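Since we're looking at a predicted model, the values are computed, not measured. In listed order, ligands and their atoms are each counted from 1.
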Amino acid sequence: MNEQDIIENNVEEEKKQLSVESESIKCSGCGSNLVFDPETQMLKCSYCGATEKFEHSKDVQEIDIGEALSSNLVWGNEALVYSCENCGAKIVASKSETATLCPFCGTSHVLEEKELQGIRPTAVIPFKFGKDRLLELFSSWAKRKIFAPVGFKKLAKTDSANGVYMPFFTFDSNTNSVYHGRLGFTKTRVVHTSKGTKTETYTVWRNVSGTYSHFFNDVLVNAGNHLENGKIDRLAPFDNASACKYESRFLSGFVAHHYEKSIDECWSSAREDMAGSIRSNIVSLYGADKVGYLNVSTNHEDVTYKYMLLPVYVLNYAFKGKQYTVYANGSTGKIIGKSPVAWWKVLIAVLIGIAAVVGVAYLLSLAAG
Ligand SMILES: [Zn+2]
Ligand SMILES: [Zn+2]
């Protein structure tokens, strides 16, 4: 076989795989769509309830960063991409799905785009629970919001919740750094003065230089703009142990948020993160607590990436004309977000607080008087 034949063969092979994948998205019993069911981790027929197992491969591969944009790693025609005219989010859905609402802003201004471009995910942490469980979690979260209005717990509905896979890149790198700098060490000494002895602190400065090697594993970078880092930090950790090799079947019934920051952008913010930890590792290696200056020059080797999808439920609801969004970690169930505030409850709490302060002041005055 010559090279051309091999390429054509590969293309044929890929087409076969894709058609097998899209065929198995239909129920063999009734022909309805099969969607990923988090409770059983299987595909489930949305009409007759039949389930179908599929392989969850744990063989998630690290890919050399130089190969990130080679053709065999990009999205094929296995999924569709929609863009939201209102908030700009790009949403990837499997072909059997039609995205009609934007999961981020809840509006219906979503348009199908011609082509889905960019890197295909390599790994996915599947959703662990479905929307019924999500509503239970929402209502116990709501119960803990003591200043929230009475009726708001009932506002969350399954149809206002969307399971969205959020885009992340993780990077591995073998780093070798050369550094030189001046580090400070705080010491204490006892000095004798005319008024007696006292303890004072002073700084000892030392010039340092050397080499430092460190292997970074899975430095996580948020590749989307629609869920800020602060929120991701509060939703974390995700259940990394259950990460599987990406498979379009995980997407069925869910959508994925297409990455908005390129792999190059994400790699440079990962490098910044790594530079920060290298610096603080060097400083703590010496046990120093002050830095005069520290110049570090780092060489990265064997850099690999994974493009990982993390499960987040986005739940939109309206209360008295205002929109609220809460987010849930799709693997641990942790919920974050704002709830409406009933001002009369706050007022009562403030009045009770004032009464308590006045009461204590009165008792104190009695005790003093
Ligand atoms: Zn069926
Ligand atoms: Zn939107």
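In the displayed structure, Glu200 atom CD is contacted under 6.0 Å by more than 12 heavy atoms of other residues, nucleotides or ligands.
Here the two rings, on Tyr305 and Phe168, have centers that are 6.0 Å apart or farther. Ring centroid separation for the pair Trp267 and Phe169 does not come in under the 6.0 Å cut-off. Between Phe250 and Phe127, the ring center distance fails the sub-6.0 Å criterion.
With a 6.0 Å cutoff to the six-membered ring centre and a 45° limit on the axis angle, Arg120 does not count as a cation-pi contact of Tyr246.
Here Thr175 pairs with Ser173, His214, Phe216, Ile278, Thr298, His300 under the side chain to side chain contact (heavy atoms under 4.5 Å, CB included) rule; sequence neighbours left out. In this structure Thr51 satisfies the side chain to side chain contact (heavy atoms under 4.5 Å, CB included) test together with Met42, Lys44, sequence neighbours excluded.
Using a 4.5 Å cut-off on side-chain heavy atoms (C-beta onward), Val164 and Tyr313 make no contact.
Around the Zn ion (ligand 1), the protein contributes the following N, O or S atoms at distances under 2.8 Å: Cys27 SG, Cys30 SG, Cys45 SG, Cys48 SG.
Side chain of Ser331 to main chain of Asp239: a donor-acceptor pair is present (N/O by atom type, distance under 3.5 Å, no hydrogens or angles).
Legend: protein N/O/S atoms lying under 2.8 Å from the Zn ion (ligand 2), waters omitted, number 4.
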